[in-house]
Amino acid sequence: MSDTRADALTACRVRRREFPSRRVPERLAPALHRPSSVRGFFGTLLMVVSLSDPAVGLAQVPSPGANSGADAIVLAEIVPALAGSELGDVPVAPAPALGRSRVVTRRQVLASLEAAGVSPRGLAIPARTTVERASRRLEPSALAELAQPVVARSLAPCAVDELRIAGRADLPPGEVSVRAEMRRPTLTGTSASGFVFVSAGGIERRLAARARLRCPPPVIEAGRRVRAIVTVGRIRATAPAVARQAGRIGDVIRLQNAATGVALLGRIVDADTVELVQ
């Protein structure tokens, strides 16, 4: 094999997970030397994660955009007997803003049903119906209390001493769900910033957040020899590597394959192990 076709797993130890023998099956061995199946893990990862400051990364992969919430008044709100039915879910008018109300007339309902191809026969539709959207306001202190456990989990092993939320959130009644997208601190950082998302009743609000932290020292120092691991299907491959950055558990750092010199990126598992980013 020419030097240009050599990949990062040269001289790696390979362990098969579910086969009784310690030898790698012959039909799987070629996969360990194909650039398409291995070099993608060991060589092109630098294209995915920016190296401008690799110690800083999102603690949580961003979720899809915020839901705008219930944006329509449905027929069941005009005719309560239809609650829970498919007919009751037919939209008949735009919903009012949180904390506001809207008057829906029989004429509006009939026009909406006709546009939806639904017959109003047998429905007792009031001449006028006032529909309200109840609202409650969560102050920054209440939001910080709700979000503290979620933010702490996303920034572990750092401990959150203080969490500040910028602004208030108006939400409908109901159980409040919280998620967080925080940037991991650098090794010398004592704070982290990002966003907290709170949602209820199908409506989600995004608020800026900042946490003051206490972080443990790095478990891996630059220059330390570590074990780099990668899993492809039922095959787990390991290779000796050298850390080119210090980091804590969960941090993504630069590595170099000790046998081939190939540059890698990996997430720290413990003081001796780094799992390559795929």
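Of the charged side-chain nitrogens involved, at least one lies within less than 4.0 Å of a carboxylate oxygen, so that Asp272 and Arg224 count as a salt-bridged pair. Between Glu139 and Arg137 there is no salt bridge, since none of the side-chain N atoms of the basic residue sits less than 4.0 Å from a carboxylate O of the acidic one. The existence of a salt bridge linking Glu275 and Arg267 is excluded, since no basic side-chain nitrogen approaches an acidic carboxylate oxygen closer than 4.0 Å. Classification of Arg184 and Asp251 as a salt-bridged pair holds, one side-chain N sitting under 4.0 Å from a carboxylate O. Salt bridge Arg206/Glu204: absent, no basic N to carboxylate O contact under 4.0 Å.
The side-chain hydrogen bond (donor to acceptor under 3.5 Å, both in side chains) pairs that include a residue from residues 73-98 are Glu77-Arg133, where partners are two or more places apart or lie in different chains. Residue pairs that meet the salt bridge (Lys or Arg N to Asp or Glu O under 4.0 Å) test with at least one member in residues 97-110, sequence neighbours left out, do not exist here.
Within a 6.0 Å sphere centred on CD of Glu145, other residues, nucleotides and ligands contribute 12 heavy atoms or fewer. The number of heavy-atom neighbours closer than 6.0 Å to CZ of Arg244, taken from other residues, nucleotides and ligands shown, is above 12.
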For this session: Evaluate the side-chain contact (heavy atoms from CB on, under 4.5 Å) criterion for residues Leu171 and Arg205: first the C-alpha distance (whole Å), next the side-chain angles of each, then the deciding distance (0.1 Å), finally the verdict.
Result: CA-CA 8 Å; Leu171 293 171; Arg205 305 297 190 206; 3.7 Å; yes
Exercise. Are Gln148 and Val151 close enough, and set up right, to give a side-chain contact (heavy atoms from CB on, under 4.5 Å), and what steps lead you there?
Worked result: CA-CA 5 Å; Gln148 176 96 6; Val151 172; over 6 Å; no
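When each of Leu255, Ile229, Leu264 is tested with Val274 by the rule side chain to side chain contact (heavy atoms under 4.5 Å, CB included), just one qualifies, namely Leu255. The residue from Val160, Thr190, Asp161 that alone fulfils the side chain to side chain contact (heavy atoms under 4.5 Å, CB included) condition with Arg214 is Asp161.
Side-chain atoms of Thr273 do not come within 3.5 Å of backbone N or O of Val269 as any donor-acceptor pair. Of the possible polar contacts, one joining the Gln108 side chain to the Thr105 backbone as a donor-acceptor pair under 3.5 Å is found.
The other members of the hydrophobic cluster of Leu113, by chain and number, are Ile73, Leu75, Ile78, Val79, Leu82, Leu87, Val90, Val92, Val104, Val109, Leu110, Val118, Leu123, Ile125, Val131 (side-chain heavy atoms under 4.5 Å, ILVMFWY only).
At least one side-chain heavy atom of Phe197 sits less than 4.5 Å from a side-chain heavy atom of Glu181. The closest side-chain heavy-atom distance from Ser199 to Ser177 is below 4.5 Å.
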